[in-house]
Amino acid sequence: MRTVLAIARKELIVYLTTPWAWVVFTFMAFLSSFFFVGSIGQFMQMHEYAAQVGWERLGPEAAQYRNLTDGVALNVLGSDLVVVLFVAPFLSMRLFAEERRQKTFELLMTTPVRASEIVLGKYLGGVGIMTCTLVVTFFYPLLLTRLGSSESGSALEWSTIGLSYVALLLWGSTVMALGLFISSLTESQMVAAMVSFVIALVWMMLKFVASNADEPFRTVLNYISFDTQFQNLLRGVLDLKPFAFFLSFIATCLLLTHRSVEAQRWT
């Protein structure tokens with residue numbers, strides 16, 4: 001385990017000492033701020049309108065705007081799920097592809113370190129930088145706490161916010177595992193990033209594909225779709241099914257990456 005942690009620490013240091021990670025941090029902060037400002041504006045407009053006509057006349061779809069958690073925070077965090085779709089492949093693309101491009105992969109394979117330790121260490125390093133990326137967005141719930149206590153009189157539901165961040169990290173870790181596997185198959189970082197992105201994008205769109213499919217494919221696609229797995233967590237409902245589903249996918253990707261690395265050790 002010490003070797004795994006050493007590799008993870010090395011990967012995390014490499015990320016944090018290169019401009020690319022800071023570009024990703026800036027990108028994440030910029031898009032989150034864009035969604036945050038837009039959600040705040042819509043939230044205030046709904047409250048102004050409700051003050052004129054009354055909440056009962058706005059219909060059930062306006063109920064989410066009666067508190068900052070549903071009306072702003074969850075909207076922002078839901079949008080961040082899409083941002084992670086763009087961010088994670090470009091964070092994972094270098095994990096093995098860079099080693100192969102710089103011809104250091106062969107040297108790595110000659111060290112007395114098991115392939116499983118290399119794979120797990122690189123993955124944990126990737127998850128570490130993904131966590132740092134999500135921490136950048138934590139400023140917005142903190143700001144909403146201040147706004148909630150001074151303007152709307154309602155504090156955030158931190159249990160709901162916490163589960164939403166768990167969903168974000170779970171999704172980011174899943175795409176990171178997928179990207180790690182793709183990165184082990186190619187020397188090109190851009191190929192690794194684009195293939196991972198396309199696969200994850202198709203996954204996010206499975207619910208729309210399922211709506212036009214026939215049974216039994218519709219049931220299967222609906223079950224494995226991104227929306228079905230995450231809908232409870234994003235509403236603040238603790239559901240163990242998404243954890244079992246995505247952790248199984250992560251384990252599968254790590255196993256495939258291990259097999260890929262082992263195969264290249266002997267070629």
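Count residues from 1 along the sequence. Hydrogens, waters and symmetry mates play no part in the numbers below; they use all other heavy atoms, side chains included.
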S260 (side chain) donor-acceptor with L256 (main chain) under 3.5 angstrom: no

Exam field: side chain S184 to backbone F181, donor-acceptor pair closer than 3.5 Å: yes

Main-chain N/O of I129 paired with T133 side-chain donor or acceptor, under 3.5 Å: yes

Hydrophobic cluster identity match, F249 and L255, side-chain contacts under 4.5 Å: no

Under 3.5 Å donor-acceptor, Y140 side chain and A29 backbone: yes

Smallest separation among heavy atoms of K122 and L180, with atom names: CB-CD1, 4.2 Å

W171 and F245 aromatic centres sub-6.0 Å: no

L31 and F86, any side-chain heavy atoms less than 4.5 Å apart: no

Flag, side chain of Q42 to backbone of S39, donor-acceptor distance under 3.5 Å: no

S173 and I250, any side-chain heavy atoms less than 4.5 Å apart: yes

Donor-acceptor contact present, side-chain S164 to main-chain L77, <3.5 Å: no

N-O pairing of E262 and R259 below 4.0 Å: no

Under 3.5 Å: donor-acceptor pair, side chain of Y165, backbone of T160: no

In one Ile/Leu/Val/Met/Phe/Trp/Tyr side-chain cluster, 4.5 Å: V195, V198: yes

Any side-chain donor near an acceptor of the partner, S92 and Y123, under 3.5 Å: no

Parallel, tilted or perpendicular: rings of W22 and F25 (30°, 60°): perpendicular

